[in-house]
Q: 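Sending over a structure as structure tokens; questions will come in a sec.
These numbers come from the heavy atoms of this one structure, side chains and all, not from hydrogens, waters or symmetry mates. Count residues from 1 along the sequence.
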Amino acid sequence: MNWSSLLVEMSMILSASVIRVRDGLPLSASTDYEQGTGMQECRKYFKVLSRKLAQLPDRCTLKTGRYNINFISSMGVSYMMLCTENYPNVLAFSFLDELQKEFITTYNMMKTNTAVRPYCFIEFAHQRLEPATLSGIVAFILSLLCAALNLIRGFHAIESLLQSDGEDFNYIVAFFLGTAACLYQCYLLVYYTSWRNVKSFLTFGLICLCNMYLYELRNLWQLFFHVTVGAFVTLQIWLRQAQGKAPDYDV
């Protein structure tokens with residue numbers, strides 16, 4: 001899940017930051033979506049908390065008038081967010097957990113430990129994909145359909161194997177690999193990850209290999225449908241690129 005898009009969609013989340021725990025170095029930050037005296041005061045609290053993260057619990061909420069500051073810390077990095085006071089803590093920490101997963105997926109800990117400049121991972125805050133198009137939505141649905149077809153055939157293959165009908169176990173593996181590949185294409189179509197285009201081409205290659213192995217179990221139209229859908233989804237992933245950086249990201 002991309003955290004920058006979440007900030008826009010969830011109006012009660014006002015800003016978020018990624019901070020290194022040991023020295024309070026800000027690694028990345030989103031744009032503040034609200035300005036005012038209260039926000040300026042909260043930004044001061046952010047700076048104070050950043051310097052004291054090593055002394056605080058791993059999960060904490062600080063109430064500052066009309067706003068709450070929530071943060072979680074793990075593996076030497078803290079993820080902080082500012083939200084309105086009536087925003088549920090459960091949703092706030094769920095957002096932070098997703099933010100943490102996305103950051104860990106995008107950057108290895110070696111980079112965060114050796115960073116020397118503030119906001120050196122600022123691009124992380126702006127890795128938001130362009131709005132989905134109609135063709136992208138169609139590609140997503142077709143990929144889910146292919147995944148479901150592969151899954152159903154995989155379970156049928158397991159049933160045949162258990163009934164000793166001579167079903168090749170490798171067919172089962174091919175069906176389930178095809179299911180996983182289609183679902184991963186759906187993920188790449190929706191979310192931004194590093195090396196996204198390369199991953200999409202490799203996933204399409206896996207879809208082709210699975211269908212080549214299943215040649216004896218599918219007719220030409222079925223093979224054509226699965227490969228064509230895989231190619232179409234790969235094209236949509238390539239076309240739906242990350243949006244450019246916002247001009248104002250200073251926090």
Side-chain angles (χ1 to χ4, degrees), residues 1-6 8-9 94 97-108 124 127-244:
M1 183 177 295
N2 188 280
W3 72 301
S4 187
S5 59
L6 279 176
V8 176
E9 295 168 1
S94 176
D97 287 335
E98 291 297 328
L99 172 59
Q100 177 188 19
K101 292 176 184 177
E102 184 69 19
F103 190 81
I104 292 175
T105 301
T106 307
Y107 303 107
N108 61 59
F124 175 74
Q127 289 171 339
R128 181 161 48 126
L129 295 175
E130 296 174 349
T133 60
L134 177 60
S135 57
I137 295 173
V138 171
F140 182 85
I141 295 173
L142 289 175
S143 189
L144 283 180
L145 175 62
C146 289
L149 293 174
N150 281 321
L151 187 63
I152 293 171
R153 291 294 300 273
F155 281 121
H156 286 168
I158 291 176
E159 184 179 357
S160 298
L161 182 65
L162 294 176
Q163 293 175 354
S164 301
D165 288 347
E167 191 73 72
D168 188 348
F169 179 77
N170 291 331
Y171 288 148
I172 299 174
V173 175
F175 279 125
F176 283 109
L177 279 178
T179 300
C182 291
L183 292 177
Y184 191 61
Q185 278 201 322
C186 290
Y187 175 84
L188 293 174
L189 190 57
V190 174
Y191 298 119
Y192 181 92
T193 65
S194 57
W195 299 92
R196 181 167 167 268
N197 289 337
V198 174
K199 291 176 181 176
S200 68
F201 284 111
L202 292 177
T203 305
F204 174 60
L206 179 60
I207 290 174
C208 293
L209 289 176
C210 289
N211 280 280
M212 287 175 59
Y213 192 82
L214 296 170
Y215 179 81
E216 296 180 355
L217 301 183
R218 284 177 167 160
N219 59 43
L220 289 179
W221 284 111
Q222 291 172 328
L223 293 172
F224 177 78
F225 175 75
H226 282 273
V227 174
T228 302
V229 169
F232 180 56
V233 177
T234 302
L235 175 63
Q236 293 304 312
I237 293 171
W238 183 79
L239 291 175
R240 192 185 185 202
Q241 297 299 310
Q243 292 182 346

Q: Looking at every non-hydrogen atom in both residues, tell me the closest pair between Ala147 and Thr179 and how far apart they are.
A: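 Closest approach of Ala147 to Thr179, heavy atoms only: O-OG1, 3.4 Å.
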
Q: Starting at CD1 of Ile137, measure out to OG of Ser135 and round the result to the nearest 0.5 Å.
A: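 Ile137 atom CD1 to Ser135 atom OG measures 8.5 Å (nearest 0.5 Å).
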
Q: List the atom of His226, the atom of Asn150, and the distance in Å for their closest heavy-atom pair.
A: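 Minimum heavy-atom separation between His226 and Asn150: CE1-OD1, 3.9 Å.
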
Q: For a quick test of reading the model, state the closest non-hydrogen atom pair linking Ser143 to Val233 and the distance between them.
A: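 Taking Ser143 first and Val233 second, the nearest heavy atoms are CB-CG2, 3.8 Å.
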
Q: Please find the pair of heavy atoms, one from Leu142 and one from Phe232, that lie closest to each other, and give the distance.
A: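 So the minimum-distance heavy-atom pair works out to CD1-CD2, 4.4 Å.
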
Q: Report the relative orientation of the aromatic rings in Tyr184 and Tyr187; use parallel for angles under 30°, tilted for 30 to 60°, perpendicular for over 60°.
A: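 Parallel.
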
Q: Is the side chain of Gln222 donor-acceptor paired with the backbone N or O of Asn219 at a distance under 3.5 Å, no angle test?
A: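 Between the backbone of Asn219 and the side chain of Gln222 there is a qualifying donor-acceptor contact (under 3.5 Å).
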
Q: When you look at Phe225 and Leu145, which way does the side chain to side chain contact (heavy atoms under 4.5 Å, CB included) test go after all the steps?
A: CA-CA 11 Å; Phe225 175 75; Leu145 175 62; 3.9 Å; yes

Q: Which pair of heavy atoms, one from Gln236 and one from Ala139, lies closest together, and at what distance?
A: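 Looks like CG-CB, 3.7 Å.
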
Q: First locate atom CH2 of Trp238, then atom CG of Leu188, and finally report the distance between them rounded to the nearest 0.5 Å.
A: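 The CG atom of Leu188 is 16.0 Å from CH2 of Trp238, to the nearest 0.5 Å.
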
Q: Is a donor on one side and an acceptor on the other found under 3.5 Å between the side chain of Arg196 and the backbone of Ile237?
A: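 The answer is yes, because a donor-acceptor pair under 3.5 Å joins these two groups.
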
Q: Just so I know, are the side chains of Phe204 and Val227 near enough to count as touching, which here means a heavy-atom distance under 4.5 Å?
A: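 In contact.
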
Q: Side chain to side chain contact (heavy atoms under 4.5 Å, CB included) for Tyr213 and Val173? Distances and angles first, verdict last.
A: CA-CA 10 Å; Tyr213 192 82; Val173 175; over 6 Å; no

Q: Does the pair Leu220 and Tyr215 meet the rule for a side chain to side chain contact (heavy atoms under 4.5 Å, CB included), with working shown?
A: CA-CA 8 Å; Leu220 289 179; Tyr215 179 81; 4.1 Å; yes

Q: To the nearest 0.5 angstrom, please state how far the CG atom of Leu177 sits from the SG atom of Cys182.
A: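 SG of Cys182 is found 11.0 Å from CG of Leu177.
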
Q: If you measure from CG on Leu223 to SG on Cys210, what distance do you get to the nearest 0.5 Å?
A: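 Rounded to the nearest 0.5 Å, the CG-SG separation comes out at 12.0 Å.
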
Q: Let me confirm one number: the SG-CG distance from Cys146 to Leu183, rounded to the nearest 0.5 Å.
A: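 Between atom SG of Cys146 and atom CG of Leu183 there are 10.5 Å.
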
Q: Let me see the working for Gln185 and Ile207 under side chain to side chain contact (heavy atoms under 4.5 Å, CB included), right down to the final yes or no.
A: CA-CA 10 Å; Gln185 278 201 322; Ile207 290 174; 3.5 Å; yes

Q: Return the minimal non-hydrogen interatomic distance between Ala157 and Ile172, and the atom names on each side.
A: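 Scanning both residues completely, I find the closest heavy atoms to be CB-CG1, 3.5 Å.
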
Q: Is there a side-chain contact between Tyr171 and Arg153 (heavy atoms, below 4.5 Å)?
A: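 No; the side chains remain at least 4.5 Å from each other.
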
Q: Go through Phe155 and Phe176 one step at a time and tell me if the ring pair (Phe, Tyr, Trp, His ring centres under 6.0 Å) criterion holds.
A: CA-CA 9 Å; Phe155 281 121; Phe176 283 109; 5.6 Å; yes

